[in-house]
Each structure stands twice: as structure tokens, then as C-alpha cells.
Amino acid sequence: MSDLSIDIKISKVSESNIKNVDFNDLTFGKVFTDHMFVCDYVDGVWQTPEIMPYQPLTIAPSARVFHYGQAVFEGMKAFKDEDDQIWLFRPEDNFNRINKSSHRMAIPDFPKDFFFAGLTQLLQLEKEWIQKGKGNSLYIRPFVIATEEAISASPSNSYKFMIICSPAQSYYAGEVKVLFAEKFSRAADGGVGFAKAAGNYGAQFYPTSLAHAKGYQQIIWTDANSHEYLEEAGTMNIFFRVGDTLLTAPNNDRILDGITRKCVIQLAKDNDIDIEVRRVTVAEIKEAAKNGTLKEIFGAGTAAVINPIAGFEHAGDEFELPKLENSYASLFKEKLTNIQYNVSEDPHGWRYKV
Ligand code: COI
């Protein structure tokens with residue numbers, strides 16, 4: 001357990017901005033709550049953390065983050081149940097993963113007590129921003145940036161760890177169709193694909209904009225060597241249902257160790273659904289689409305939750321997915337959100353009360 005009572009300097013806003021927010025019309029990640037958590041790493045030590053009004057930062061133009069992208073982040077959510085209790089979901093996993101990402105990017109580990117005390121004290125302040133009802137959540141974005149004023153290509157001596165929060169509804173508006181990658185790659189063996197390194201996401205923007213122009217919202221990335229194996233969707237891990245068997249790629253150093261992914265694998269086992277965690281080929285999914293055994297493709301991620309894919313394209317071949325009554329995607333979404341919103345039992349201890 002973490003020490004949640006550690007000393008955090010808190011300065012509050014004089015007036016909340018919440019009255020200007022229409023919670024029924026939220027675009028993902030555009031509105032931020034009143035406060036943010038900030039902790040600086042200087043002289044080899046994480047300094048006393050602070051919670052302060054959400055505001056712009058003053059950072060030197062020579063700060064290493066601007067030149068070398070030495071930055072990592074996390075995505076988490078807080079939920080409010082019908083009794084106004086606030087819950088996080090598997091926050092230990094996010095804490096462990098941000099330090100794993102940091103390690104790969106030569107950023108010092110962030111202390112666990114600071115993470116949990118900062119997060120819970122920030123959420124206490126922002127609890128009005130968490131709306132009740134399934135589909136509503138507070139998206140939480142912890143991140144670390146390299147702040148040292150120096151442009152030689154080496155790791156920074158100073159960092160800023162921050163947490164900002166944004167009220168959220170759905171991540172994707174409308175139907176999601178995907179393109180299977182044939183040329184571009186998201187990650188390579190030995191690289192940083194497993195980490196939530198900022199550059200992993202920035203590097204997807206150009207190929208994804210080409211996909212957008214063709215009417216596809218996302219790319220399903222394939223392995224960089226052969227482009228024969230389906231890996232992840234960039235903002236989500238990806239699952240395929242062929243017949244009644246669920247397939248998903250195993251973790252490796254190119255694929256994000258998604259927390260929602262781990263939940264889906266566990267929920268499949270809990271519900272006696274056959275699941276194979278193995279390499280999935282483009283060829284077998286196209287073949288299954290042609291012979292009618294491909295029933296579903298869906299993505300799983302914190303922001304996106306469980307997102308069904310309506311169709312895909314590869315090498316000019318276009319496929320539509322059937323619209324199923326009892327899809328695995330809707331089953332997993334229901335089971336997962338019931339746990340997140342404290343509607344059902346939590347047999348695996350995933351909920352964390354704030
Ligand atoms: C998340 O699901 O939290 C992610 O990190 C995806 C993000 C790029 C919106």
C-alpha cells in the first residue's frame with residue numbers, strides 16, 4: 001500500500017470552470033479540469049509535489065523534450081458509482097507501466113507514494129468533474145517530460161512529472177473502419193513500441209492521416225519485418241473473433257501491454273470463451289472474412305474501452321464485418337464497465353476506491 005498522506009502543497013482555483021462545460025457534448029481530450037499535479041526532478045531527486053490550478057507551463061525552448069521527444073505518458077480513468085463513490089481501475093498497472101516506459105526512455109522512476117497520493121488528492125479536488133452514469137468518466141493523463149535546457153543528444157538531468165484530467169465520454173465518434181498496414185510501421189524489434197513513449201503516437205499521425213483520407217479511422221499495425229502479422233491499432237490493442245474463438249497477438253517489445261487487453265483475456269477465460277494469444281496473420285483474417293468465419297474485430301484500450309470495428313481494407317480488398325446481436329465486444333464491454341462503475345462484483349480486485 002502507498003502512503004496517501006504525504007505532504008503535497010495544494011493551491012486551489014478561486015472559481016471552478018465546471019459551469020462552462022457541457023458534459024453532454026464532450027469531444028475527447030479537449031476540456032481539462034481545474035487543477036493539475038506537478039512534481040519536478042532536480043539534482044537527482046523528485047522534489048515536493050504540488051497541486052495547482054491548471055495553467056500553461058514556462059519551459060525553455062532548449063528543453064530536451066522539444067528536441068528529442070524524451071517523454072512518456074499514461075492513460076487512466078476514474079468512475080463515479082450511483083452512491084457518489086469514486087473508483088480507479090487497476091491503477092497499480094498504470095503506475096508500473098509508466099515506470100517501465102520511463103526506464104526505456106532513460107527517465108528516472110517516479111515514487112509510488114507520490115503517484116498515489118498525488119492522484120487521489122487531485123481526484124478529491126476534482127470529484128464534481130466525474131459524472132455518474134455508464135459512458136461518463138474522468139480521463140487521467142499522467143506524463144513525464146525532459147526539461148533540462150540542453151540540446152546535446154543525451155538524457156536530461158531534470159524532468160517534470162504531471163497529471164492532468166479531462167472529462168470524457170466516448171473516444172471514437174461513430175463507426176470505426178481500419179486499414180491493415182502494408183508499408184508503414186509503428187514499432188520495431190528492440191524499439192520502444194511496448195512503452196507509452198510520446199513519439200510512438202506522433203509517428204502514427206502521418207500514416208493515419210493517409211488512412212483518414214481513404215475513409216479509415218485507424219490503422220492496424222503489422223509487424224515491421226514482413227507486414228504479415230497483425231499487432232495493434234495504436235490507440236487500442238486488437239482482438240479478432242474467428243468462429244467462436246478469440247485471437248489476439250502476444251505481448252512483445254513492439255506491442256503495448258494494454259490493461260484493457262489483459263482484462264479482456266481474463267474475462268474471456270471467466271466466461272469460457274476460447275482465446276488464443278498468438279501471432280495472427282493478415283492472410284488468415286482475410287481468409288476468415290472471405291469464408292464467413294470472421295465474426296468480429298474489436299479494439300480494447302483505456303480511452304476507447306471496447307470498440308467494435310465495422311470493416312477493414314488490405315491491399316485493395318475491402319471487407320465489412322457482420323452486425324452481431326450478441327457480440328463478444330458488447331459482452332466484454334458490459335462485464336468490464338459493470339466492474340468499473342461498481343455495478344457488479346470485482347472478482348479480480350481491479351477496482352480501487354479513491
Ligand atoms: C489510452 O487509451 O489511454 C491511450 O493511451 C490512447 C490515447 C493515445 C488516447
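Every value quoted in this text rests on a predicted model; they were computed, and no experiment measured them. Order of listing sets the numbers, starting from 1, for every ligand and every atom in it.
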- Qualifying residue, where the test is ring-ring contact (aromatic ring centres under 6.0 Å, His included) with Phe73 and the options are Tyr139, Tyr201, Phe143: Tyr201
- Query: Salt bridge check: are Glu318 and Lys177 linked by an N-O gap of less than 4.0 Å?
  - Reply: no
- With a cut-off of 6.0 Å (strictly less than), are more than 12 heavy atoms of other residues, nucleotides or ligands near CG of Asp43? no
- Item | atom 1 (C) of ligand 1: nearest protein contact (heavy atom, Å) | Tyr139 OH, 3.3 Å
- Task: Consider only side-chain N and O atoms of Thr235 and Gln218, and report whether a donor and an acceptor are under 3.5 Å apart.
- Result: yes
- Item | Tyr171: numbered ligand 1 atoms lying under 4.0 Å from its heavy atoms | 9 (C)
- Query: Does at least one non-hydrogen atom of Lys196 fall below 4.0 angstrom from an atom of ligand 1?
  - Reply: yes
- For Tyr201, the ligand 1 atoms whose distance to one of its heavy atoms is below 4.0 Å: 8 (C)
- Note on the structure: If we number the atoms of ligand 1 from 1 as shown, the ones under 4.0 Å from a heavy atom of Phe73 are 5 (O)
- Message: Can you see whether Thr337 engages Lys134 through a side-chain donor-acceptor pair at a distance of less than 3.5 angstrom?
- Response: yes
- Tell me: protein heavy atom nearest atom 7 (C) of ligand 1, and distance? Arg141 NH2, 3.9 Å
- Query: Got the closest protein heavy atom to atom 6 (C) of ligand 1, with its distance?
  - Reply: Thr235 O, 4.0 Å
- Task: Report the nearest protein non-hydrogen atom to atom 2 (O) of ligand 1: residue, atom name, distance rounded to 0.1 Å.
- Result: Ala303 N, 2.8 Å
- Message: Do Asp34 and Asn17 pair up side chain to side chain, a donor and an acceptor below 3.5 Å, judged on atom types alone?
- Response: no
- Message: Please determine whether a side-chain nitrogen of the Lys or Arg among Lys214 and Glu313 lies less than 4.0 Å from a carboxylate oxygen of the Asp or Glu.
- Response: yes
- Message: Test your reading of the structure: does Met76 have an N or O sitting under 3.5 Å from an N or O of ligand 1?
- Response: no
